[in-house]
2 protein chains.
Amino acid sequence: MTMAKRDTYTPDSLLAVAVAVFNERGYDGTSMEHLSKAAGISKSSIYHHVRSKEELLRRAISRALDGLFDVLEEPGAVTGRAIDRLEYVTRREAEVLMDELPYVTLLLRVRGNTDTERWAMERRREFDQKVADLLERAGADGDLRADVDIRLATRLLFGMINSIVEWYRPGRGGAASRDEVAEAVVRTAFAGLRKP
Amino acid sequence: MTMAKRDTYTPDSLLAVAVAVFNERGYDGTSMEHLSKAAGISKSSIYHHVRSKEELLRRAISRALDGLFDVLEEPGAVTGRAIDRLEYVTRREAEVLMDELPYVTLLLRVRGNTDTERWAMERRREFDQKVADLLERAGADGDLRADVDIRLATRLLFGMINSIVEWYRPGRGGAASRDEVAEAVVRTAFAGLRKP
DNA sequence: AGAGTAACCGAACGATCGGTCGGGGCAAGA
DNA sequence: TCTTGCCCCGACCGATCGTTCGGTTACTCT
């Protein structure tokens with residue numbers, strides 16, 4: 001919607017503009033005309049930098065997925081008790097989500113209309129499954145409250161974390177900061193999930 | 001996507017088909033051609049029952065909003081201690097969400113591209129504000145844990161509840177039932193929110 | 001049997017979609 | 001000064017968008 005001025009575009013800097021518009025209007029609701037207005041260059045010029053509209057989506061989603069998957073290989077996610085690894089992954093996932101907010105936002109909203117979107121959904125399921133395994137293990141260790149089904153708890157945990165994209169805005173205003181949000185997520189989730 | 005057979009359509013029965021397709025492909029990603037295929041009648045016949053594509057969206061969203069707002073006027077939501085009213089509203093909202101799943105799903109996904117969508121977002125904000133007031137009051141009563149900001153807690157609570165639309169499917173399979181889900185939501189949320 | 005009407009259809013409307021094409025301007029290197 | 005190559009443009013493509021239109025069924029009521 002807003003005009004962007006810059007000397008020249010790289011595929012990445014153009015991607016940043018495109019993702020912002022995608023998140024504002026939805027991917028399907030965004031035309032190449034919308035992108036050209038937002039980027040301040042003509043519609044045909046966009047094709048000098050990227051092959052297609054779908055490539056923009058693929059690039060954005062890849063970036064989001066890479067960020068999320070990388071967390072699972074960090075030391076805090078692979079060593080120690082399952083419940084502690086789970087807490088670590090929860091906090092880090094929330095942080096990555098906020099650091100790469102526009103890209104993760106886009107990832108969480110794909111509906112599966114194209115091959116690219118279906119690929120994104122599949123990779124996302126892989127990721128969710130790995131965290132679900134962690135919850136399963138923490139349950140087996142007896143570190144989770146027993147009165148809530150583990151699969152349900154997994155869904156609710158993800159629901160809470162992913163909902164961050166609906167309201168968190170990085171520009172520091174009176175609102176909560178990145179670290180405060182991450183802390184609140186961990187606290188709220190685990191004071192409910194962890195055995196007293 | 002799938003063919004639907006029926007003697008004749010009413011605006012409501014057609015709406016049910018349309019909403020299903022909207023949720024599968026996204027509103028913007030759904031063409032009238034898609035709807036006609038799913039409904040088993042021609043594109044032009046749809047206009048015999050409804051004025052426009054946007055009217056379908058408006059009807060669906062209205063139904064969802066009505067269901068949610070009605071909860072706030074039920075006896076359990078207006079009498080008693082704030083923390084108890086909050087718990088009641090949380091459970092009932094989860095139930096309504098599951099009872100009216102396709103319609104609420106659509107409501108939660110609008111992006112604000114048209115007047116109808118902006119109206120939906122505004123009404124949704126009204127609703128959220130009323131629940132936020134309830135949380136505020138429970139906090140003032142000293143019934144909420146003090147180490148998490150109340151506005152943050154509100155966001156996370158809604159995030160958890162609303163995430164139900166992403167995975168709950170009513171056809172009873174091996175998965176959790178409506179009441180089990182509602183119970184799990186309340187338990188997970190309040191064992192984290194309520195003061196020990 | 002005839003009239004009226006709800007439900008439906010194919011064809012076509014102007015607008016907009018994602019994408020292509022040939023070429024222009026301009027800074028850097030020769 | 002001339003050439004090269006990057007960045008950009010307006011004009012245009014066939015396809016598809018939401019919607020309209022004139023007309024045809026098939027059923028109901030008299």
Side-chain angles (χ1 to χ4, degrees), chain A residues 1 3-61 106 110-118, chain B residues 1 3-61 106 110-118:
Chain A
M1 230 70 240
M3 198 85 159
K5 221 23 168 329
R6 90 171 22 240
D7 287 349
T8 197
Y9 276 110
T10 67
D12 269 2
S13 68
L14 182 61
L15 178 63
V17 174
V19 168
V21 183
F22 286 160
N23 283 329
E24 201 176 308
R25 313 185 64 100
Y27 177 74
D28 285 320
T30 302
S31 71
M32 296 306 277
E33 198 67 46
H34 290 138
L35 293 186
S36 84
K37 291 289 201 286
I41 62 178
S42 77
K43 196 172 61 154
S44 49
S45 295
I46 294 176
Y47 288 90
H48 178 73
H49 301 286
V50 295
R51 225 179 296 273
S52 67
K53 186 186 176 188
E54 196 166 353
E55 181 182 327
L56 286 166
L57 181 64
R58 183 159 21 87
R59 279 174 186 264
I61 285 172
L106 203 53
V110 301
R111 304 297 326 142
N113 292 344
T114 65
D115 285 339
T116 298
E117 300 191 26
R118 281 185 285 275
Chain B
M1 229 73 238
M3 198 82 162
K5 232 0 178 340
R6 86 170 26 236
D7 286 349
T8 197
Y9 276 110
T10 67
D12 269 3
S13 68
L14 182 61
L15 178 63
V17 174
V19 168
V21 183
F22 286 160
N23 283 329
E24 202 176 308
R25 315 184 63 98
Y27 176 74
D28 285 320
T30 302
S31 71
M32 297 306 277
E33 197 68 45
H34 290 138
L35 293 186
S36 85
K37 291 287 201 286
I41 62 178
S42 77
K43 203 170 54 153
S44 50
S45 296
I46 294 175
Y47 288 89
H48 178 74
H49 301 285
V50 295
R51 222 179 299 273
S52 66
K53 185 185 175 187
E54 195 166 353
E55 181 182 327
L56 286 166
L57 181 64
R58 185 161 18 88
R59 279 175 186 264
I61 285 173
L106 203 52
V110 302
R111 303 293 330 140
N113 292 345
T114 66
D115 284 339
T116 297
E117 300 190 27
R118 281 185 286 273

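Here is the naming used below: chain letters follow the sequence lines, and residue numbers restart at 1 for every chain. Any value given below was found using the heavy atoms of this structure, including those in side chains, with hydrogens, waters and symmetry copies removed. Since the model is a prediction, treat every value here as computed from it, not as a measurement.
- Taking 3.5 Å as the limit, the base of D:dT19 and the side chain of B:Lys53 contain no donor-acceptor pair of atoms between them.
- Nucleotide C:dA7 holds its P atom 12 Å from the CG atom of B:Leu14, rounded to whole Å.
- Contact check for B:Val17 versus B:Tyr9: side-chain heavy atoms found under the 4.5 Å cut-off.
- For the pair B:Leu56 CG and D:dG18 P, the interatomic distance rounds to 11 Å; values are reported in whole Å.
- Listed pair B:Ser45 / C:dC9 meets the phosphate criterion, a side-chain N or O lying under 4.0 Å from OP1 or OP2.
- As a whole-Å value, the separation of A:Met32 CE from D:dC8 P is 14 Å.
- Taking 4.0 angstrom as the limit, B:Ser42 places a side-chain polar atom (N or O) nearer than this to OP1 or OP2 of C:dC9.
- At whole-Å resolution of the value, CD1 in A:Ile41 and P in C:dG25 are 19 Å apart.
- The distance between atom CD1 of B:Ile46 and atom P of D:dC21, rounded to the nearest whole Å, is 17 Å.
- One can place NZ of A:Lys37 at 11 Å from P of C:dT16, the figure rounded to the nearest angstrom.
- Between B:His34 and D:dT16, a side-chain N or O to OP1/OP2 separation shorter than 4.0 Å is absent.
- Phosphate contact (OP1/OP2 of C:dA7, side-chain N/O of B:His48, threshold under 4.0 Å): present.
- Comparing C:dG19, C:dC8, C:dC17 by their nearest atom to the side chain of A:Ser31 picks out C:dC17.
- Between B:Arg59 and B:Glu55 a salt bridge is recorded (basic side-chain N to carboxylate O distance below 4.0 Å).
- Electrostatic pairing of A:Arg58 and A:Glu54 does not count as a salt bridge here, judged by no charged N lying under 4.0 Å from a carboxylate O.
- Of the N and O atoms on the side chains of A:His48 and A:Ser45, not one donor lies less than 3.5 Å from an acceptor on the other residue.
- At the heavy-atom level, A:Ser44 lies under 4.0 Å from base atoms of the strands shown.
- If you measure from atom NZ of B:Lys43 to atom P of C:dA12, you get 13 Å, rounded to the nearest angstrom.
- Closest approach to the B:Thr8 side chain among D:dC8, C:dA7, C:dG18 is made by C:dA7 (side chain taken as heavy atoms from C-beta onward).
- Per the geometry, NE2 belonging to A:His49 stands 16 Å off C1' belonging to C:dG19, to the nearest Å.
- With values rounded to the nearest 0.5 angstrom, A:Leu35 atom CG is found 5.5 Å from A:Met32 atom CE.
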